Amino acid sequence: MPEGHTIHRLARRHKRLFGGAPVRAASPQGRFEAGAAALDGLVLRGTDAHGKHLFHDYGDRWLHVHLGLYGTFVDGDGEPPATRGQIRLLLTGGRLRSGALAPAWAELRGPTACEVLDDAGRDVLLARLGPDPLRRDADPAVAWQRISRSRTSIGALLMRQDVVSGVGNVYRAEALFRAGIDPYRPGRDVTPEEWKAVWDDLVVMMADGVRLGRIVTLRPEDKRRAVDPADGPRRDRGAGRYVYHRAGRPCRICGTPVLTAVVEGRNLFWCPRCQE
DNA sequence: GTAGTATGCTAAG
DNA sequence: TTAGCCTACTACT
């Protein structure tokens, strides 16, 4: 479920599991053999996340991972399980706890990117990313510069990682709903006040996502207002959200059926009455 | 069990 | 613009 919150969560977790001690790296699948060899035996100094990009700091080189749509990390304590399926990267190691090593492992499958970068390579990558609502150093004015001058729709702009990084299809739909903005509205017709509200809301929602490990955007008072079967015991992907994956179901605020359309290859969801 | 779908991006054309 | 990644989850049989 990789939007930005997932990556920040992984960064924290990997630091906790492997930080400060040497790692063993291997590529059972074989597609990352040279990279794994370049990391094997190095000490993990720290981890970092920028948007949907994860970095491990190994001193003079970085591991860079982008999960894409399918990529997934699974980890655990102790010894790794028997190899099953296509494992691009298997990390084993542990964190030094009061002098003893607590063993741990992590396996990576199906990523879009898994590579070793030097500082220059990492800088090139970071240079093309817009501000990340989950980072303290993020400056929403940088994104506003792009949005306020663009004829492109705000729905498309929010998905572009060089405008805002870390926002994906779920946060896009939910943030625009909560701000009452039609996703088709051109960026330059969004007011500064609306942009500030969207940014501040993304900061809150995505921090919630990091804490909870999933995307929940439905406010408690609105959950009581309109009951949706999806919120019951048999939860579906529309549970806990206003519009994402709720096509055809009544808007939780006004009851109008939620609309969906494929925009640039991705499913967009919105309420035509609440968002204008 | 099996089919269908997807929270994203890159490389090829 | 399109195919590829080749996983996890859901809904259905």
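Owing to the predicted nature of the structure, the values given are computational and were not obtained by experimental measurement. Computed from heavy atoms alone, side chains included, the values below leave out hydrogens, waters and symmetry copies. Letters A, B, ... mirror the listed sequences (proteins, then strands); counts begin at 1.
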Measure the distance from [atom1] on [X] to [atom2] on [N] and round it to the nearest whole Å.
X	N	atom1	atom2	answer
A/Phe73	B/dT7	CZ	P	21 Å
A/Leu54	B/dG8	CG	P	16 Å
A/Arg84	C/dT7	CZ	P	9 Å
A/Arg172	B/dT7	CZ	C1'	11 Å
A/Arg214	C/dC9	CZ	P	14 Å
A/Met159	B/dG8	CE	C1'	8 Å
A/Arg88	C/dA8	CZ	C1'	16 Å
A/Ile215	C/dA8	CD1	P	18 Å

Could you check whether [X] pairs with [Y] (Lys NZ or Arg NE/NH1/NH2 to Asp/Glu carboxylate O, under 4.0 Å)?
X	Y	answer
A/Arg146	A/Asp162	yes
A/Asp48	A/Lys15	no
A/Arg211	A/Asp208	yes

Closer than 4.0 Å, any side-chain N/O of [X] to the OP1 or OP2 of [N]?
X	N	answer
A/Arg31	C/dC5	no
A/Asn169	B/dA6	no
A/Tyr171	B/dT7	no
A/Arg266	B/dA6	no
A/Gln161	B/dC9	yes

Residue pairs fulfilling ring pair (Phe, Tyr, Trp, His ring centres under 6.0 Å) with at least one residue in residues 172-193 of chain A, sequence neighbours excluded: A/Phe177-A/Tyr242, A/Tyr184-A/Trp270
Qualifying ring pair (Phe, Tyr, Trp, His ring centres under 6.0 Å) pairs, either residue in residues 74-123 of chain A, two or more places apart: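 Listed once each, the pairs would be none.
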Mutual orientation of the aromatic rings belonging to A/Tyr171 and A/His5 [parallel < 30°, tilted 30-60°, perpendicular > 60°]: perpendicular
Mind checking if [X] touches a base, just sugar-phosphate, or nothing, with heavy atoms under 4.0 Å?
X	value
A/Gly168	sugar-phosphate
A/Arg160	nothing
A/Gln29	sugar-phosphate

A/His56-A/Phe18 aromatic ring centre distance below 6.0 Å: no
Closest to the [X] side chain, choosing from [options]:
X	options	result
A/Asn267	B/dG8, C/dT7, B/dT7	B/dT7
A/His245	B/dA6, C/dC5, C/dT7	B/dA6
A/Tyr244	B/dC9, C/dT7, B/dT7	B/dT7
A/Glu3	C/dA8, C/dC5, B/dT7	B/dT7

Comparing A/Arg128 and A/Tyr70 on DNA chain B - which has the more 5′ nearest nucleotide: A/Tyr70
Secondary-structure notation, DNA chain C, from Watson-Crick and G-U pairs under 3.5 angstrom (| other strand): |||||.||||||.
Distance in Å, A/Asn169 CG paired with A/Leu268 CG, rounded so as to fall on 0.5 Å steps: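 Result: 7.5 Å between the selected atoms.
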